[in-house]
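Order of appearance sets the numbers: ligands from 1, and atoms from 1 within every ligand. From a predicted model like this one, the values you see are computed outputs, not experimental measurements.
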Amino acid sequence: MVKIPRSHPRYWSLYYRERIIEGMERGMTAKAGLIAHGRGEAFDYLIGERTIEPAERAMRAVVAKFLLAKHPVISVNGNVAALVPKETVELAKALNAKLEVNLFYRTEERVRAIAEELGKHDPDVEILGINPTKRIPGLEHERGKVDEKGIWRADVVLVPLEDGDRTEALVGMGKFVVTVDLNPLSRSARMADITIVDNIVRAYPRMIELAGELRNLQREELERIVEEYDNGKTLSDVLTYIRDRLTELAREGIWRRKEL
Ligand code: ATP
Ligand code: MG
């Protein structure tokens, strides 16, 4: 990995870029994943590269929903494995969820590389999706493969950084679908039951914390959190947040401003 000077004003952004490049070089991340990452970065600028209130609200609802679920599954793709492998394994543990490698551009080598990376953080972790035998209806062969013990029978699925078409197909199967997506306008963001508009590198650590906090609540309290949650309102609030933030920046002037 290229060494980035800690003093660089955009250190973290460059650091995660290098992680994505390294993920590609190690056979986990697809080339198109690099482009998807860049699109995410652009939206991260708009929200100020921090966790905003609507995302915090969405994360609470997701954690509550997962704690209530019968067969919760967290899907892992090449970008996720490059950016947050350790956190993915920890989150699955904290939420008692299964992990499934599920790829838009599926190749056996890529699946193996991702499973290996996750295994580094917990040698005992069970990884599904290695030999998927089921298919998501409405998606062509390679894109639709899922594990019978994982996404196929799941009631609640977290599909971060996912394509809109696949998100929609999972919703069509009757799953409760959750996504992490920095773009509030993407099809995934609009199709999911809960959308966390945040960078996954901030969202996963926060969700691990929330799992610890909400674990002790009664079922009824968890159910109330989920019932009171409104994803349409969350997405509207994200857009309003971005609008207000940009309006304020435009008013104050951003010319040669050091911090945004
Ligand atoms: P859609 O198909 O849902 O309309 P898309 O075609 O723009 O979206 P995809 O490549 O299918 O994009 O999905 C990747 C999504 O993940 C993008 O919306 C992108 O903004 C988002 N994304 C990329 N990197 C991150 C990240 N680190 N954290 C959160 N979201 C991210
Ligand atoms: Mg897409």
Self-check item: Asp198 and Thr51: CA distance, side-chain angles, deciding distance, side chain to side chain donor-acceptor pair (under 3.5 Å) verdict
Solution: CA-CA 6 Å; Asp198 201 4; Thr51 300; 2.6 Å; yes
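Annotation: Leu260, atom CG; neighbour count of heavy atoms from other residues, nucleotides and ligands within 6.0 Å is above 12. The 12-atom threshold is not exceeded at CZ of Arg60, counting heavy atoms of other residues, nucleotides or ligands nearer than 6.0 Å.
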For ligand 1, list every N/O pair with the protein closer than 3.5 Å, one pair per line with the distance.
{"residue": "ligand 1", "atom": "2 (O)", "partner": "Asp163", "partner atom": "OD1", "Å": "2.9"}
{"residue": "ligand 1", "atom": "2 (O)", "partner": "Gly164", "partner atom": "N", "Å": "2.9"}
{"residue": "ligand 1", "atom": "3 (O)", "partner": "Gly164", "partner atom": "N", "Å": "3.1"}
{"residue": "ligand 1", "atom": "3 (O)", "partner": "Arg187", "partner atom": "N", "Å": "3.2"}
{"residue": "ligand 1", "atom": "3 (O)", "partner": "Ser188", "partner atom": "N", "Å": "2.8"}
{"residue": "ligand 1", "atom": "3 (O)", "partner": "Ser188", "partner atom": "OG", "Å": "3.2"}
{"residue": "ligand 1", "atom": "4 (O)", "partner": "Arg187", "partner atom": "N", "Å": "2.9"}
{"residue": "ligand 1", "atom": "7 (O)", "partner": "Arg39", "partner atom": "NH1", "Å": "2.3"}
{"residue": "ligand 1", "atom": "11 (O)", "partner": "Asp163", "partner atom": "OD1", "Å": "3.2"}
{"residue": "ligand 1", "atom": "13 (O)", "partner": "Glu162", "partner atom": "O", "Å": "3.3"}
{"residue": "ligand 1", "atom": "18 (O)", "partner": "Asp181", "partner atom": "OD1", "Å": "2.8"}
{"residue": "ligand 1", "atom": "18 (O)", "partner": "Asp181", "partner atom": "OD2", "Å": "3.2"}
{"residue": "ligand 1", "atom": "20 (O)", "partner": "Asp181", "partner atom": "OD1", "Å": "3.4"}
{"residue": "ligand 1", "atom": "27 (N)", "partner": "Asn199", "partner atom": "OD1", "Å": "3.0"}
{"residue": "ligand 1", "atom": "28 (N)", "partner": "Ile200", "partner atom": "N", "Å": "3.0"}
{"residue": "ligand 1", "atom": "30 (N)", "partner": "Leu182", "partner atom": "N", "Å": "3.1"}

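No donor-acceptor contact under 3.5 angstrom links the side chains of Tyr241 and Arg245, judged on distance only. Residues Arg135 and His141 have side chains that bring a donor and an acceptor to within less than 3.5 angstrom of each other. At a cut-off of 3.5 Å, with distance as the only test, no side-chain donor of Arg50 or Asn199 sits close to an acceptor on the other residue. Side-chain contact annotation: Thr195 with Asn231, donor-acceptor N/O pair under 3.5 Å present.
Of all heavy-atom pairs between Leu235 and Ala189, the closest is CD1-O, 3.4 Å.
Note that the CG atom of Asp230 and the CZ atom of Arg57 stand 8.5 Å from one another [nearest 0.5 Å].
For the Mg ion (ligand 2), protein N/O/S neighbours under 2.8 Å (waters excluded) are Asp163 OD1.
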